[in-house]
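Residue numbers begin at 1 in each chain, while the letters A, B, ... track the order of the sequences. This one's a predicted model, so the numbers in the text were calculated from it and none came from an experiment.
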Number of protein chains: 2
Amino acid sequence: MFEHEKELYEAKANILKALAHPTRLFMAEKLLQRDYCVCEFVKMIDADISTISKHLSILKNAGIVKDDKRGKQVYYHLKTPCILQFTECALNIIESNQKEQSKLISHIESDMED
Amino acid sequence: MFEHEKELYEAKANILKALAHPTRLFMAEKLLQRDYCVCEFVKMIDADISTISKHLSILKNAGIVKDDKRGKQVYYHLKTPCILQFTECALNIIESNQKEQSKLISHIESDMED
DNA sequence: AGTATATTTGGTAAAATTACCAACCATTGT
DNA sequence: ACAATGGTTGGTAATTTTACCAAATATACT
């Protein structure tokens, strides 16, 4: 792995890392619909305002969202909706994992019968 | 955010988390081409075998790859190539971030002139 | 100016991630 | 049976992430 290659993988991994948190993923997906301000997210998510604000700044630093001050409020906007296209494939993986899980459990159960 | 919703976001975030590391991303992308064994990755990546093995097991636990023992070697196979489709969008984000960066720098430079 | 509302920032403790080494297990070849 | 090769697992230290509280900032309203 060459140096410039490594840097690119780091950059790509950083974008994934920014999205790889339930709260941040939730907010990013919400932003597919429309812009939201911090105070709206506060109503939806059970966490401290400061926590939510920091999560948003992580998304912002990754270049996924941008902020936009409107009066007292700060609205967040999804710059690149395409980054959430992974969802469909992720659901396939989750489903497949659940099937594997239940297969495993039934194997264990049949082993118990002996 | 409801409980079952929360679980789904956690599951999706876990898949992203598994991919959100330069080494794991590199390996996953390599596996788009063909199956690779651990010893092949060891030659490509500057890290301990045990580190590489653990990274692969993280991808495996997330359900992204599966392993397949062939003689002394363990080959890894990409189960769901679609999960790497985010790359194209990620490159757009990276490019856009770089542009913002250079814009910022030129602003700072012109401020220095005053 | 002073208050209320909206948000960010700094500090800090707890938890998770990462990487390496050493030890272990599995398979092949002698 | 023994050595060699390929890989995983356990332990541990360093780093990063996360969440909260408290304090600071910014805007609108009185």
Side-chain angles (χ1 to χ4, degrees), chain A residues 1 6-7 9-28 30-31 34-78, chain B residues 1 6-7 9-28 30-31 34-78:
Chain A
M1 196 159 27
K6 209 171 150 189
E7 277 171 34
Y9 282 109
E10 272 166 18
K12 285 195 271 185
N14 279 336
I15 290 169
L16 288 178
K17 233 194 289 190
L19 274 180
H21 186 286
T23 301
R24 295 198 292 268
L25 198 52
F26 170 79
M27 294 196 289
K30 270 286 166 194
L31 291 171
R34 61 168 175 87
D35 295 359
Y36 281 90
C37 67
V38 183
C39 56
E40 287 178 302
F41 283 130
V42 167
K43 285 172 202 149
M44 294 185 251
I45 299 162
D46 180 30
D48 198 89
I49 304 182
S50 68
T51 302
I52 291 169
S53 172
K54 273 173 187 169
H55 278 309
L56 285 165
S57 87
I58 288 169
L59 287 174
K60 181 181 152 190
N61 279 314
I64 294 165
V65 304
K66 70 172 191 206
D67 57 352
D68 172 18
K69 187 145 197 173
R70 301 182 200 162
K72 276 190 292 187
Q73 285 148 25
V74 178
Y75 277 81
Y76 280 87
H77 169 82
L78 187 60
Chain B
M1 197 158 28
K6 209 170 150 189
E7 276 170 35
Y9 282 109
E10 272 165 18
K12 285 196 270 187
N14 279 335
I15 290 169
L16 288 178
K17 234 194 289 190
L19 229 37
H21 185 287
T23 302
R24 294 198 292 268
L25 198 52
F26 170 78
M27 294 196 289
K30 270 286 165 193
L31 291 172
R34 62 168 173 86
D35 294 0
Y36 281 90
C37 67
V38 181
C39 56
E40 287 178 303
F41 283 130
V42 167
K43 285 173 202 150
M44 294 185 252
I45 300 163
D46 181 31
D48 199 89
I49 304 183
S50 67
T51 302
I52 292 169
S53 172
K54 273 175 187 168
H55 278 310
L56 285 165
S57 87
I58 288 169
L59 288 174
K60 181 181 151 190
N61 278 314
I64 295 166
V65 304
K66 71 174 189 198
D67 58 351
D68 171 18
K69 187 145 200 172
R70 302 183 199 160
K72 274 190 294 187
Q73 287 149 26
V74 178
Y75 277 81
Y76 279 86
H77 171 81
L78 188 59

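- Expressed to the nearest 0.5 Å, how far CG of B:Leu59 lies from CG of B:Leu25 amounts to 9.0 Å.
- In this structure, A:Gln73 atom CD and C:dT8 atom P are separated by 11 Å, rounded to whole Å.
- Taking atom CZ of B:Phe41 as the reference point, atom C1' of D:dG6 lies 15 Å away to the nearest angstrom.
- Checking the phosphate oxygens (OP1, OP2) of D:dG6, no side-chain nitrogen or oxygen of B:Tyr76 falls inside 4.0 Å.
- The OH atom of A:Tyr36 sits 17 Å away from the P atom of C:dA6 (whole-angstrom rounding).
- When the nearest nucleotides of DNA chain C are assigned to A:Tyr75 and A:Lys54 by heavy-atom distance, the more 5′-ward of the two goes with A:Tyr75.
- Annotation: of the two residues near DNA chain D, B:Asp67 and A:Ile58, the 5′-most nearest-nucleotide partner is B:Asp67.
- Taking the ring-ring contact (aromatic ring centres under 6.0 Å, His included) definition, one finds that B:Tyr75 meets it with nothing, sequence neighbours left out.
- Note: A:Phe26 and A:Phe41 have perpendicular aromatic rings, judged against thresholds of 30 and 60 degrees for the angle between ring planes.
- Separating the CG atom of B:Asp48 from the P atom of D:dG11 is a distance of 17 Å, rounded to the nearest angstrom.
- For A:Lys72, counting side-chain heavy atoms from C-beta on, the closest listed nucleotide (C:dT7, C:dT5, D:dT8) is C:dT5.
- Counting to the nearest Å, the P atom of D:dG6 and the CG atom of B:Leu56 are 16 Å from each other.
- In this structure, the CD1 atom of A:Ile52 is 9 Å from the P atom of D:dC20, given to the nearest Å.
- For the segment residues 10-28 of chain B, the set of residues with a heavy atom within less than 4.0 Å of an atom of DNA chain C comprises B:Lys17, B:His21, B:Arg24, in numerical order.
- Atoms CG (A:Asp46) and C1' (D:dC20) sit 12 Å apart, rounded to a whole Å.
- A:Asp46 has no carboxylate O lying under 4.0 Å from a charged side-chain N of B:Lys6, or vice versa, which leaves the two without a salt bridge.
- As a whole-Å value, the separation of A:Lys69 NZ from D:dT27 P is 5 Å.
- Residue A:Val74 places its side chain closer to C:dT8 than to any other of C:dC21, C:dT8, D:dT8.
- To the nearest 0.5 Å, the span separating CG on B:Asp35 from CG on B:Asp67 amounts to 11.0 Å.
- Between A:Thr51 and D:dA19 there is no side-chain polar atom (N or O) within less than 4.0 angstrom of OP1 or OP2.
- Of the possible polar contacts, one joining the B:Glu40 side chain to the B:Cys37 backbone as a donor-acceptor pair under 3.5 Å is found.
- Between A:Lys66 and A:Asp68, none of the side-chain N atoms (NZ, or NE/NH1/NH2) sits under 4.0 Å from a carboxylate O, so this pair counts as no salt bridge.
- Phosphate contact (OP1/OP2 of C:dA19, side-chain N/O of B:His55, threshold under 4.0 Å): present.
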